[in-house]
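Here the structure comes first, spelled out in structure tokens, and everything after it is commentary.
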Amino acid sequence: MSDTSEDPSRPVYARLPSDEAEAVAMQTELAGCVVVADDDRPVDTIAGLDIAYDKHSDAAVATAVVLRREDRAVLDSAVVRGVSDFPYIPGLLAFRELPLLLRAIEALAVTPDLYVCDGYGLTHPRRFGLACHLGVVLDAPAIGVAKNPPHLPVTAPGPRRGEWTAISAGEETVGCALRTQDGVKPVYVSVGHRCTLDTARELILELAPDYRIPEPIRAADQLGRRRLAEA
DNA sequence: GCGACAG
DNA sequence: ATCTTGTCGC
């Protein structure tokens with residue numbers, strides 16, 4: 001069902017910003033587009049996204065894996081090899097990863113109801129992490145799940161699966177630390193676009209029944225490393 | 001006040 | 001992200 005005849009629907013990435021200042025300006029402007037509210041449509045399919053990098057070459061493999069929420073079965077997946085044209089700069093991860101992730105998403109045959117990104121959503125210095133950027137560009141529900149905490153005061157949640165604490169920046173709540181398994185380090189969940197933090201937190205917990213990392217991201221991560229090791 | 005910030 | 005084995009525990 002993918003029609004590649006035309007897609008001027010990505011003005012944001014007609015070109016990458018030429019320097020940090022421009023990137024920051026883009027984020028600051030786009031941050032106003034983020035919607036923090038749940039859609040009416042139910043979430044039945046979720047896509048996990050990730051990028052694996054080769055150790056010595058500049059090769060990168062972006063993966064998108066769509067899982068059925070009901071049983072977390074894999075419904076579809078896409079892999080795309082490429083190179084990042086932007087370096088990793090704290091706070092500007094989206095400019096490094098989004099182009100490749102979008103290509104992987106385009107290669108999917110199934111359009112997921114929601115995307116789960118590896119990294120921050122609103123838990124970002126300018127409230128516009130990778131998950132927000134992806135969500136706004138696709139105008140789709142998105143959630144960010146990071147393995148490391150932001151430089152904000154974070155109170156450790158209780159030791160049991162499901163326990164969590166809110167993460168605030170000033171007066172606003174920008175995310176939460178969520179314990180997805182008993183006794184493991186928490187993951188940091190934040191809204192990317194078109195969903196609420198409560199929904200994001202509940203969904204991520206539901207999607208992580210056996211491991212610390214939620215299944216969508218875990219599946220994408222594993223697929224990426226496999227394909228990187230193969231060819 | 002300055003600097004620290006996902007992958 | 002990536003470099004890296006065995007080992008402790010359920």
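Throughout, protein chains are lettered first and strands after them, A, B, ... in sequence-line order, and every chain is numbered starting at 1. These numbers come from the heavy atoms of this one structure, side chains and all, not from hydrogens, waters or symmetry mates.
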Look at all strands and tell whether [X] reaches a base, only sugar-phosphate, or nothing, counting heavy atoms closer than 4.0 Å.
X: A/His56; result: nothing
X: A/Ile217; result: nothing
X: A/Pro150; result: nothing
X: A/Tyr120; result: base

Interatomic distance where [atom1] belongs to [X] and [atom2] belongs to [N] [whole Å]:
X: A/Ile89; N: B/dG7; atom1: CD1; atom2: C1'; result: 13 Å
X: A/His133; N: B/dA6; atom1: NE2; atom2: P; result: 18 Å
X: A/Phe86; N: B/dG7; atom1: CZ; atom2: C1'; result: 13 Å
X: A/Leu228; N: C/dC3; atom1: CG; atom2: C1'; result: 14 Å
X: A/Ile167; N: B/dC5; atom1: CD1; atom2: C1'; result: 12 Å
X: A/Glu97; N: B/dG7; atom1: CD; atom2: C1'; result: 5 Å
X: A/Arg126; N: B/dA4; atom1: CZ; atom2: C1'; result: 14 Å
X: A/Leu100; N: B/dG7; atom1: CG; atom2: P; result: 17 Å

Looking only at the side chain of [X] (C-beta and beyond, no hydrogens), which of the listed nucleotides [options] gets closest?
X: A/Arg225; options: B/dG7, B/dC5, C/dT2; answer: C/dT2
X: A/His151; options: B/dG7, C/dT2, B/dC5; answer: B/dC5
X: A/Tyr53; options: B/dC5, B/dA6, C/dA1; answer: C/dA1
X: A/Arg96; options: B/dA6, B/dG7, B/dC5; answer: B/dG7

Salt bridge check, [Y] against [X]: does any charged N sit closer than 4.0 Å to a carboxylate O?
X: A/Arg194; Y: A/Asp139; answer: yes
X: A/Arg68; Y: A/Asp71; answer: yes
X: A/Arg69; Y: A/Asp44; answer: no
X: A/Lys147; Y: A/Asp118; answer: yes

message: Taking the ring centre of each residue, are A/Tyr115 and A/His193 less than 6.0 Å apart?
response: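 That pair fails the under 6.0 Å test.
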
query: Planes under 30° and centres closer than 5.5 Å, is that true for A/Tyr88 with the base of B/dG7?
result: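 Check passed, A/Tyr88 stacks on base of B/dG7.
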
Gap separating the CZ atom of A/Arg225 from the OH atom of A/Tyr53, nearest 0.5 angstrom: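 The distance works out to 12.5 Å.
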
- prompt: Should A/Asn148 be listed as having a side-chain N or O under 4.0 Å from OP1 or OP2 of B/dC5?
  reply: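 Indeed not, no polar side-chain atom of A/Asn148 lies that close.
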
- prompt: So, is A/Lys55 near the phosphate of C/dA1, with a side-chain N or O under 4.0 Å from OP1 or OP2?
  reply: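 Indeed not, no polar side-chain atom of A/Lys55 lies that close.
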
query: Want to know the stems of DNA chain B: at least 3 consecutive Watson-Crick or G-U pairs with distances under 3.5 Å, which are they?
result: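 Stems for DNA chain B, defined as runs of 3 or more consecutive pairs: none.
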
- prompt: Going through the distances and angles, do A/Leu122 and A/Val36 end up as a side chain to side chain contact (heavy atoms under 4.5 Å, CB included)?
  reply: CA-CA 10 Å; A/Leu122 291 177; A/Val36 183; 3.9 Å; yes

- prompt: Where the side chain of A/Thr45 meets the backbone of A/Asp113, is there a donor-acceptor pair that is under 3.5 Å apart?
  reply: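 Indeed, once roles are kept as given, a pair shorter than 3.5 Å links the two residues.
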
